[in-house]
Amino acid sequence: MIFRNAAGSLSSFMAALLISSCISAAPSANSVPATLTGDWKVTSAKVNSTGIAAYAPDDPALMALRLAVSADRLAMDKAGDGDRHVCESPRVASETLAFATLISQTYEASPADMGVDAAGKDRPAHFITCAKGDIGPSYDRGSWIVEMDSDTIAMNWFDSVLLILKRVR
């Protein structure tokens with residue numbers, strides 16, 4: 001009798017241990033993807049060429065921006081400037097979608113109007129909301145970052161600007 005109860009308890013314990021280890025090992029749907037972590041610098045700033053814009057393409061004020069991404073924080077600032085946008089405890093929803101569609105929906109302009117050549121492919125997109133602060137303008141689903149390749153991202157920014165950033169090595 002004692003052995004049968006012990007065997008049953010051991011089976012239940014092992015099943016609970018297995019389930020909890022699977023749950024803790026699964027990636028969180030809200031975490032910042034590892035592909036985005038690191039330091040980034042703006043290499044190009046795109047603006048809608050058909051409308052009135054607050055910035056010129058590749059405006060020096062935008063080219064000075066730097067982005068630092070960690071698992072629990074995103075921070076954008078200008079090199080040597082105290083002006084910062086910080087997103088604390090980001091929640092990220094990721095999906096693959098047509099970059100051209102995202103540009104059209106965000107900027108009400110075509111990729112050509114924004115000066116974007118590589119918009120035809122489906123790409124990983126990350127929609128970011130912040131528990132505290134901001135990391136760009138908030139649309140219906142939050143600010144967004146699109147992975148162009150392993151070392152290049154595109155990011156929506158204030159005043160209808162699309163930033164292209166390269167990873168700093």
Are any non-hydrogen side-chain atoms of [X] and [Y] less than 4.5 angstrom apart?
X: Ile145; Y: Val92; result: no
X: Lys46; Y: Tyr107; result: no
X: Val116; Y: Leu162; result: yes
X: Trp40; Y: Val168; result: no
X: Leu102; Y: Val146; result: yes
X: Glu147; Y: Arg123; result: no
X: Phe158; Y: Leu163; result: no

Side-chain H-bond candidate by donor/acceptor type, Lys166 with Thr152, under 3.5 Å: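 Per modelled atom types, Lys166 and Thr152 side chains form a pair under 3.5 Å.
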Among side-chain atoms of Ser44 and Asp58, is any donor-acceptor pair under 3.5 angstrom? yes
For the student: nearest non-hydrogen atoms of [X] and [Y], plus distance:
X: Ala154; Y: Ile164; value: CB-CD1, 3.8 Å
X: Leu65; Y: Ala61; value: CG-O, 4.0 Å
X: Pro90; Y: Ala71; value: CG-O, 4.4 Å
X: Glu108; Y: Asn48; value: O-ND2, 4.3 Å
X: Asp151; Y: Asp149; value: N-OD1, 2.8 Å

Would you say the side-chain atoms of Ser143 pair up with the backbone N or O of Pro137, donor to acceptor, closer than 3.5 Å? yes
Backbone N/O of Thr37 and side chain of Arg167: donor-acceptor pair under 3.5 Å: yes
Name the orientation class of the two ring planes belonging to Phe99 and Trp144 (parallel below 30°, tilted from 30 to 60°, perpendicular beyond 60°).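 Plane angle over 60°, so perpendicular.
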Starting at NZ of Lys78, measure out to NE2 of His85 and round the result to the nearest 0.5 Å.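 Reported value, rounded in 0.5 Å steps: 8.5 Å.
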State the CD1-CG distance between Ile128 and Leu36, to the nearest 0.5 angstrom.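 Interatomic distance, Ile128 CD1 to Leu36 CG, rounded to 0.5 Å: 6.5 Å.
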